[in-house]
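Reviewing the structure listed below.
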Amino acid sequence: MSAYQEASSPHTMNTYGRLPIALSHGQGCRVWDVNGKSYLDGLGGIAVNTLGHNHPKLVPALQDQIGKIIHSCNYYHIPHQEALAAKLVELSGLTNVFFCSTGLEANEAALKLARKFGHDKGIERPEIVVYEKAFHGRSIATLSATGNTKIQKGFGPMVEGFIRVPLNDIEALKAATANNPNVTAVFFETIQGEGGVNPMRIEYLQQVRKLCDERDWLLMIDEVQCGMGRTGKWFAHQWAGIKPDVMPLAKGLGSGVPVGAVVAGPKAAHIFQPGNHGTTFGGNPLAMRAGVETIRIMEEDGLLENAAKVGAHLQAGLRNALEGVAGFKEVRGQGLMIGVELTRPCGVLAQRAVEAGLLISVTADSVIRLVPPLILTTAEADELVAILCPLIKQFLAEPV
Ligand SMILES: *Cc1c(COP(=O)(O)O)cnc(C)c1O
């Protein structure tokens, strides 16, 4: 039996089409499997490992916290929870935070805020605008908000109260909500992740902000994947100079420790009252320490600047290598959230990249997604291009 087979298990549910490796440890942007083979990490555990692996500042801080207290519970004050909330308020320009453990939970809280915002105004059947190709999670409500019928299949009936519109089309949004007094919120990702790295345009973000103000709707921006410095600003919507009313976060916030948060501005900060919402693990001392230290290290080490600089370098390298190749469509994204779209489905490239010593993912069938740790260096970006682009070219040269 190989080390990989020993590490795999027949007892977990069959929810993932897993690639045939098991990782044992990592250092920076490199990871090793249980057989000792090394990989360049272009995926960062799906935009989670902000600081890479075994970070010399994060690990001792977490060890210190584990030796003090891991979990207490929300019946008591949690000092690191206050500290992380204060920091997120400072970085976002919003005012109050609710903590949970995952992205779907943060989005679930946002959806509950939008519903109660409506009920508080006398709207009995609140409706929320959501988007084509959106991904907001796998709970029944967040799956209903998600714009992917493939992953909804088999789980109906979906939760009602959603209106779906196309991206970047303000007239379509106005038409879909015309004369509808039940609308309470507009909900989207600044850059769709699972949907294929699809950015909302700056002017569209500004138009929606204006519309939400005019109509007293909540603007709710899911920054679970594109937030936390990945695009070169703390939150991707900040490129448009706007603020949301509600902002769910998770993925990169704890650099690998599960942390979710929903950050709210004045319009949404006081909707929840005692008894309206809660979760056992949310905001626990270990998770909060991970969030506080992740942000502190990002600031100390200039990781926003690094994400912008290395991201631009990586995008240019990819374009340069793929320009003019038949079957290559485009490179898009911002900072270290990058999609390489081909003209046909290319899921097999994730497996071939593994064989070549690189971790990536393919999403929306034909988009190679790169969301590496924000500590990626330009040399590592060059290495990534040097491994990935020949695989893409070879793939595209094969008969369909
Ligand atoms: C991953 C993701 C989620 C769901 O987060 P989980 O932690 O997997 O529940 C929600 N929204 C976006 C934009 C995501 O990328």
Side-chain angles (χ1 to χ4, degrees), residues 13 15-16 43-50 98-114 128-148 150-152 155 159 162 164 167 185-200 205 219-231 234-237 244 246-263 279-284 287 290-291 294 332-339 360-364 367-372 374:
M13 282 199 198
T15 48
Y16 294 95
L43 185 60
I46 320 181
V48 167
N49 297 310
T50 305
F98 171 83
F99 287 107
C100 50
S101 310
T102 67
L104 83 78
E105 275 181 278
N107 286 334
E108 192 79 28
L111 296 173
K112 283 180 74 175
L113 282 171
I128 299 166
V129 177
V130 293
Y131 285 71
E132 291 172 0
K133 296 190 267 184
F135 182 83
H136 297 297
R138 303 280 196 156
S139 68
I140 293 288
T142 57
L143 186 63
S144 304
T146 289
N148 179 343
K150 225 162 66 185
I151 66 173
Q152 290 172 336
F155 298 102
V159 170
F162 293 108
R164 197 166 302 282
L167 286 75
V186 178
F187 184 37
F188 57 74
E189 303 148 82
T190 314
I191 303 176
Q192 292 183 333
E194 304 307 304
V197 191
N198 307 310
M200 294 291 183
L205 293 167
L219 175 55
M220 311 205 300
I221 305 190
D222 179 349
E223 292 257 353
V224 166
Q225 188 161 159
C226 59
M228 290 315 297
R230 179 152 295 282
T231 66
W234 283 105
F235 309 109
H237 66 263
V246 177
M247 175 173 67
L249 297 173
K251 289 202 166 85
L253 177 52
S255 205
V257 177
V259 192
V262 56
V263 189
T279 169
T280 303
F281 286 128
N284 90 22
T294 295
R332 57 176 179 257
Q334 185 133 28
L336 286 171
M337 181 165 184
I338 299 173
I360 58 165
S361 83
V362 172
T363 189
V367 181
I368 298 151
R369 173 178 46 178
L370 302 171
V371 281
L374 305 190

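Keep in mind the model is a prediction, meaning the values are calculated, not measured. When a ligand or atom number is given, it counts from 1 through the structure's own listing order. Hydrogens, waters and symmetry mates play no part in the numbers below; they use all other heavy atoms, side chains included.
- Distance remark: protein heavy atom not present below 4.0 angstrom from atom 8 (O) of ligand 1.
- Inter-residue side-chain proximity for M228 and L374 is flagged as unmet; no heavy-atom pair is nearer than 4.5 Å.
- Residue M220 holds its CE atom at 7.5 Å from CG of L113, rounded to the nearest 0.5 Å.
- Around atom 15 (O) of ligand 1, the closest heavy atom drawn from E105, E194, K251 belongs to K251.
- The side chain of E189, and not its backbone, has at least one atom closer than 4.0 Å to an atom of ligand 1 (non-hydrogen atoms only; side chain from C-beta on).
- Annotation: side chain of V246 is not in contact with side chain of F187 (no heavy-atom distance under 4.5 Å).
- The closest protein non-hydrogen atom to atom 5 (O) of ligand 1 is G103 CA, 3.2 Å.
- For a threshold of 3.5 Å applied to N or O pairs, the pair formed by A250 and ligand 1 contains no separation below that value.
- Compare T190, T146, L104 by their heavy atoms: the one nearest to atom 4 (C) of ligand 1 is in L104.
- Under a 3.5 Å cut-off, the side chain of R230 and the backbone N or O of P372 do form a donor-acceptor pair.
- Note that CE of M247 and CH2 of W234 are 11.0 Å apart. Values are rounded to the nearest 0.5 Å.
- Here the straight-line distance linking atom OG1 of T279 with atom CZ of F99 works out to 13.0 Å at 0.5 Å rounding.
- Close contacts between ligand 1 and H136 involve ligand atoms 10 (C), 11 (N) [criterion: under 4.0 Å to a heavy atom].
- The atoms of ligand 1 that sit less than 4.0 Å from any heavy atom of N107 are 10 (C), 11 (N).
- Of the candidates V371, I221, D222, it is D222 that places a heavy atom closest to atom 13 (C) of ligand 1.
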| said: Assess the residue pair Y131 and M200 against the criterion (side chain to side chain contact (heavy atoms under 4.5 Å, CB included)); give the C-alpha distance rounded to whole Å, side-chain angles, the decisive distance to 0.1 Å, and a yes or no. | reply: CA-CA 11 Å; Y131 285 71; M200 294 291 183; 3.7 Å; yes
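- When heavy-atom distances to ligand 1 are checked against a 4.0 Å cut-off, T142 has no atom that comes that close, whether in backbone or side chain.
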